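Chain naming here is simple, since letters A, B, ... match the order of the sequence lines and numbering starts at 1 in each. Just so it is clear, the structure is predicted and the values come from calculations on it, not from any experiment.
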2 protein chains.
Amino acid sequence: MVTIMNKVQANAKPAGLRMTRQRRLILEELDAPGRHPTADAVYQQVRRRIPNISLGTVYRNLEVLSQAGMIRKLHIGSGQKRYDRKLHKHYHVHCVQCGRISDLPGGPFGDLEEVARGNSDFDIIGYELEFEGLCRQCKDSSPRQREPN
Amino acid sequence: MVTIMNKVQANAKPAGLRMTRQRRLILEELDAPGRHPTADAVYQQVRRRIPNISLGTVYRNLEVLSQAGMIRKLHIGSGQKRYDRKLHKHYHVHCVQCGRISDLPGGPFGDLEEVARGNSDFDIIGYELEFEGLCRQCKDSSPRQREPN
DNA sequence: TTCATAATAGTAACCATTACTGTCTTGGCG
DNA sequence: CGCCAAGACAGTAATGGTTACTATTATGAA
C-alpha cells in the first residue's frame, strides 16, 4: 500500500507507482465525466480491452489510486463503493429508486464544519454529504430497477 | 418484510408486528442514549439474556424495526451498518481513528436541500450528512484501535 | 382455547472486498 | 541496449457482513 507521495505534480504519478496498461485503462474509464462506477462496472468495461484482467487488479488499483489522491472513493447509500475522478469539489445525488448517481454543482458548505466544530469535542476534519431523491426517469415514468453505472 | 404501517401511535407497534421477547430486548438495547451499535454489537449484548438468540433474528428485527420507522439505520463510513433509536433529528461525528460515533446537537440544515433542489432535476427527498474527525482520546493520547459499539 | 400466521433458531448461501502466491512487467541504472 | 529489484499481475482462496431458507415455536385476535 502506498502511504507517502513525495512527488505529486499535475498529471504525475506518485513515486513508486508504475503506469501499467491495466492502470491506464482503469484511469481512462474514470476519466469520462459524470460517471461514478462501482469496482465491478470498471471491471466489466476494462475487460472489453483486456479480457483476462483480474477483478483483484481492479480493486487493488482503485485502492492505490485513491490512496494517491488521484481518484475519490465514494460511500453512497448502503451498497457497493463507487469511484470518481476527483476534479473539483462537488456533491452527489442518489436516486433511491434506481441507484443512479448524478453530480450536483454548488457548495462547498464550509459553514457546516464550523457548526460541527462548535458543538463537539472532536477534531473535525471534514464531512460526507450525499443527497437522495428520485431521478427524472423514476419520477415520471415507471421506475426501472437497479442500474449500476 | 413490513411495507405498510396503518396504525402508528406513540410507543405503539405497527399493525402486524408482534412484540416478542427478542424484539423487546433488541429495542431496549437501542434505548440507551448515545449508542449507535452495529448489528453484531446488539447481538452480543442481547445474547447475555437470550444465549441462543440467532444473529439472523437480530438482523431481521433491525430491518423490520427500521422499516417501521421505530429505529434509524445509519450508513457511516465504509464499514458495518449502525442502528440508532430515532428520537429527534440530529447528526453524527465519526472518529476516523477508532471508529467511535458521537451525537452532534444542532441542525437540521434545511437550506441544504433547497440548494440541491435548485441545482438538479432530481426530486430531492433528503440528505445524509456525517462529520468526520478525531475523538478526544485519539486526539491527545495514543490512538486505540477499532472499538465498535 | 383455538388457530392462522408472525417470528424464531439454526444453517446455508450470497456478495463485495481483500489476501495470498507464483509469475510477469516496468523502468531506473549502467 | 540489457539487467534486475521490486512493483504489478492473474488466478484463486478466504473473509466478513448480511440475507435467504426451512422446519418449528410462539403470539395474540377471535
Measure CD/B:Glu63 against P/D:dT19 and give the value in whole Å, please. 6 Å

Among D:dT12, C:dA9, D:dA8, the one nearest A:Leu17 by side-chain distance: D:dA8

For A:Gln80 and D:dT18, give me the distance from atom CD to atom P, rounded to whole Å. 15 Å

Which residue is it: A:His92, A:Lys81, A:Glu128? I am looking for the one with a side-chain contact (heavy atoms from CB on, under 4.5 Å) to A:Leu74. A:His92

To the nearest angstrom, how far is A:Gln67 atom CD from D:dG7 atom P? 16 Å

When the distance from CD1 of A:Ile26 to P of D:dA10 is rounded to whole Å, what number comes out? 9 Å

Within this structure, what is the CD1-to-C1' distance between B:Ile53 and D:dA26, rounded to whole angstrom? 14 Å

Return the 5'-most residue of the pair B:Tyr83, B:Thr20 with respect to DNA chain D, ranking by each residue's nearest nucleotide. B:Tyr83

From NZ of B:Lys81 across to P of D:dG16 the rounded distance in Å is 17 Å

Are B:Arg60 and B:Glu63 ion-paired here, with the side-chain N under 4.0 Å from a carboxylate O? no

At less than 4.0 Å, is any side-chain N or O atom of B:Thr57 found next to OP1 or OP2 of C:dA9? Yes or no. yes

Between B:Asn52 (CG) and D:dT25 (C1'), how many Å, whole number? 12 Å

At less than 4.0 Å, is any side-chain N or O atom of A:Gln22 found next to OP1 or OP2 of D:dA10? Yes or no. yes

One thing to verify: whether A:Arg24 and A:Glu28 come together as a salt bridge, which I'm taking to mean a side-chain N less than 4.0 angstrom from a carboxylate O. no

So, B:Arg49 and B:Glu29, do they make that salt bridge, N to O below 4.0 Å? no

Regarding A:Asp40, tell me which of base, sugar-phosphate or nothing describes its non-hydrogen contacts under 4.0 Å with the strands shown. nothing

In whole angstrom, give the distance that lies between atom CG of B:Leu55 and atom C1' of D:dG16. 11 Å

Starting at the 5' end of DNA chain D, which residue's closest nucleotide do you reach first, B:Arg21 or B:Tyr59? B:Tyr59

Give a yes or no on whether A:Arg117 atom CZ has more than 12 heavy-atom contacts from other residues, nucleotides or ligands under 6.0 Å away. yes

Let me test you: for the helix from C:dT1-D:dA30 to C:dG30-D:dC1, what is the angle between the axes at its two ends (five pairs each), rounded to 10 degrees? 40°

Ignoring the backbone of A:Ile50, work out which of D:dT18, D:dA10, D:dA8 is nearest its side chain. D:dA10

Considering non-hydrogen atoms only, spot the tightest contact between B:Leu104 and B:His90 and give its length. O-CB, 3.9 Å

Presence of B:Arg60 side-chain N/O under 4.0 Å of D:dT19 phosphate oxygens OP1/OP2: no

Parallel, tilted or perpendicular: ring planes of A:Tyr91 versus A:Tyr127, cut at 30 and 60 degrees: parallel

For the side chain of A:Arg18 and the base of D:dA6, is some donor closer than 3.5 Å to an acceptor across the two? yes

